[in-house]
Amino acid sequence: MELETQIARLADLGLPLVADRTVDDLLHSLPRELFEREPYELLMSMLGAEVEREPWGRWFCDRAWTFDTECVYAPGAYVGIARNLCRIAGRPGAFTDLRDHVDLESGEAWIEYTIDGRRQRWTAEVHDDWADTLVVTYLMGDLEHNGRRFCTRDNGQSMYLYFLDEGARHEINKLLDGRRPLVPVLGGSD
């Protein structure tokens with residue numbers, strides 16, 4: 001299936017490329033044949049990545065993120081995670097007064113923020129440089145809204161995260177034809 005057709009279908013389901021991202025940006029990283037050999041498989045993986053050429057720091061899709069869970073090295077790590085979750089939830093300013101503390105040597109870590117007038121503080125377990133995924137799910141729970149939720153696909157140490165409504169999730173799973181389906185992070189129907 002042609003790559004452009006795949007891109008258009010995923011855009012219709014809530015996973016559009018950012019306006020100035022192009023097929024050429026995707027093809028800079030991988031050849032067209034790989035995208036078209038198993039429709040949607042590789043494209044779903046790439047949506048959560050950054051474009052691999054200048055200017056740097058550009059995401060392919062604002063509703064997807066490839067979250068490498070081995071990323072907590074120092075203060076600011078949980079703040080970075082929170083900001084990316086806000087970005088893909090379409091709520092970039094949802095967390096205010098956002099700050100964290102990470103001290104791998106002492107085994108102490110936490111994140112705190114205000115959302116919808118509530119102050120939240122979560123203590124994170126320290127396991128080397130791995131993110132505490134329970135704390136990450138708390139952040140996700142605070143961001144889910146309007147029938148949209150965080151969904152994931154299996155990818156070993158990384159998590160492919162997407163922010164979709166239930167209908168879109170089901171339709172994308174049909175397109176994936178049973179290959180590593182999207183599942184809600186916080187439970188729910190399948």
Side-chain angles (χ1 to χ4, degrees), residues 1-71 73 76-95 98 131 136 139-140 143-185:
M1 177 184 299
E2 188 174 65
L3 177 57
E4 290 80 358
T5 302
Q6 296 174 55
I7 291 168
R9 183 65 181 127
L10 291 177
D12 288 344
L13 292 170
L15 296 175
L17 291 181
V18 173
D20 64 347
R21 303 315 177 264
T22 66
V23 169
D24 287 340
D25 289 326
L26 288 164
L27 298 178
H28 178 78
S29 298
L30 297 164
R32 178 179 286 275
E33 303 79 50
L34 290 180
F35 286 101
E36 295 178 353
R37 184 178 304 147
E38 288 186 76
Y40 302 102
E41 182 68 29
L42 187 54
L43 180 57
M44 287 293 295
S45 301
M46 291 295 293
L47 287 178
E50 290 184 59
V51 176
E52 294 180 325
R53 63 180 175 180
E54 292 183 2
W56 305 110
R58 300 176 298 137
W59 300 99
F60 278 109
C61 177
D62 281 336
R63 296 295 168 262
W65 179 38
T66 302
F67 170 36
D68 181 349
T69 56
E70 194 175 8
C71 65
Y73 298 102
Y78 282 101
V79 166
I81 292 167
R83 287 187 177 139
N84 271 305
L85 293 174
C86 287
R87 176 183 61 83
I88 70 170
R91 300 179 67 191
F95 293 150
L98 180 61
V136 173
L139 300 172
M140 290 178 189
L143 291 168
E144 290 186 343
H145 67 285
N146 297 335
R148 295 182 184 270
R149 44 199 323 213
F150 288 92
C151 302
T152 188
R153 290 184 83 202
D154 180 39
N155 186 40
Q157 89 176 35
S158 294
M159 296 173 71
Y160 294 132
L161 293 173
Y162 309 91
F163 197 70
L164 298 162
D165 64 38
E166 195 66 12
R169 184 180 73 83
H170 282 290
E171 289 301 312
I172 291 171
N173 282 343
K174 287 179 189 175
L175 297 174
L176 293 169
D177 195 28
R179 297 169 296 174
R180 297 186 303 142
L182 293 172
V183 295
V185 173

With side chains defined as the heavy atoms from C-beta onward, is the minimum distance between [X] and [Y] less than 4.5 Å?
{"X": "Arg37", "Y": "Leu42", "result": "no"}
{"X": "Leu47", "Y": "Thr66", "result": "no"}
{"X": "Asn155", "Y": "Ser45", "result": "no"}
{"X": "Asn84", "Y": "Trp59", "result": "yes"}
{"X": "Met46", "Y": "Leu30", "result": "yes"}
{"X": "Leu85", "Y": "Val136", "result": "yes"}

If you look at every heavy atom in [X] and [Y], which pair is closest and at what distance?
{"X": "Cys71", "Y": "Ile81", "result": "SG-CD1, 3.8 Å"}
{"X": "Ile88", "Y": "Arg63", "result": "O-CD, 3.0 Å"}
{"X": "Leu139", "Y": "Phe95", "result": "O-CZ, 3.8 Å"}
{"X": "Ala64", "Y": "Arg87", "result": "O-NH2, 3.4 Å"}
{"X": "Leu182", "Y": "Cys151", "result": "CB-CB, 4.3 Å"}
{"X": "Arg32", "Y": "Leu3", "result": "NH1-CB, 3.7 Å"}

Which of these, Asp20, Asp25, Leu26, sits in a side-chain contact (heavy atoms from CB on, under 4.5 Å) with Thr22?
Asp25
Considering the options Met44, Gln6, Glu2, which one meets the side-chain contact (heavy atoms from CB on, under 4.5 Å) requirement together with Pro39?
Gln6
Without swapping roles, check the side chain of [X] against the backbone of [Y] for a donor-acceptor pair under 3.5 Å.
{"X": "Asp165", "Y": "Ala168", "answer": "yes"}
{"X": "Arg169", "Y": "Leu164", "answer": "no"}
{"X": "Glu52", "Y": "His28", "answer": "no"}
{"X": "Arg180", "Y": "Asp154", "answer": "yes"}
{"X": "Arg21", "Y": "Pro16", "answer": "no"}
{"X": "His145", "Y": "Leu143", "answer": "yes"}

On the 0 to 90° scale, with breaks at 30° and 60°, tag the Trp65-Phe67 ring pair as parallel, tilted or perpendicular.
parallel
CA sep, side-chain torsions, deciding dist, call: Arg9, Leu175, side-chain contact (heavy atoms from CB on, under 4.5 Å):
CA-CA 9 Å; Arg9 183 65 181 127; Leu175 297 174; 3.7 Å; yes
Consider ring pair (Phe, Tyr, Trp, His ring centres under 6.0 Å). Of Tyr162, Phe163, Tyr160, which one does Phe150 pass it with?
Phe163
Nearest-0.5 Å distance that lies between atom [atom1] in [X] and atom [atom2] in [Y]:
{"X": "Asp68", "Y": "Gln157", "atom1": "CG", "atom2": "CD", "value": "4.5 Å"}
{"X": "Glu38", "Y": "Leu43", "atom1": "CD", "atom2": "CG", "value": "13.0 Å"}
{"X": "Glu36", "Y": "Thr5", "atom1": "CD", "atom2": "OG1", "value": "8.5 Å"}
{"X": "Arg153", "Y": "Asn173", "atom1": "CZ", "atom2": "CG", "value": "8.5 Å"}

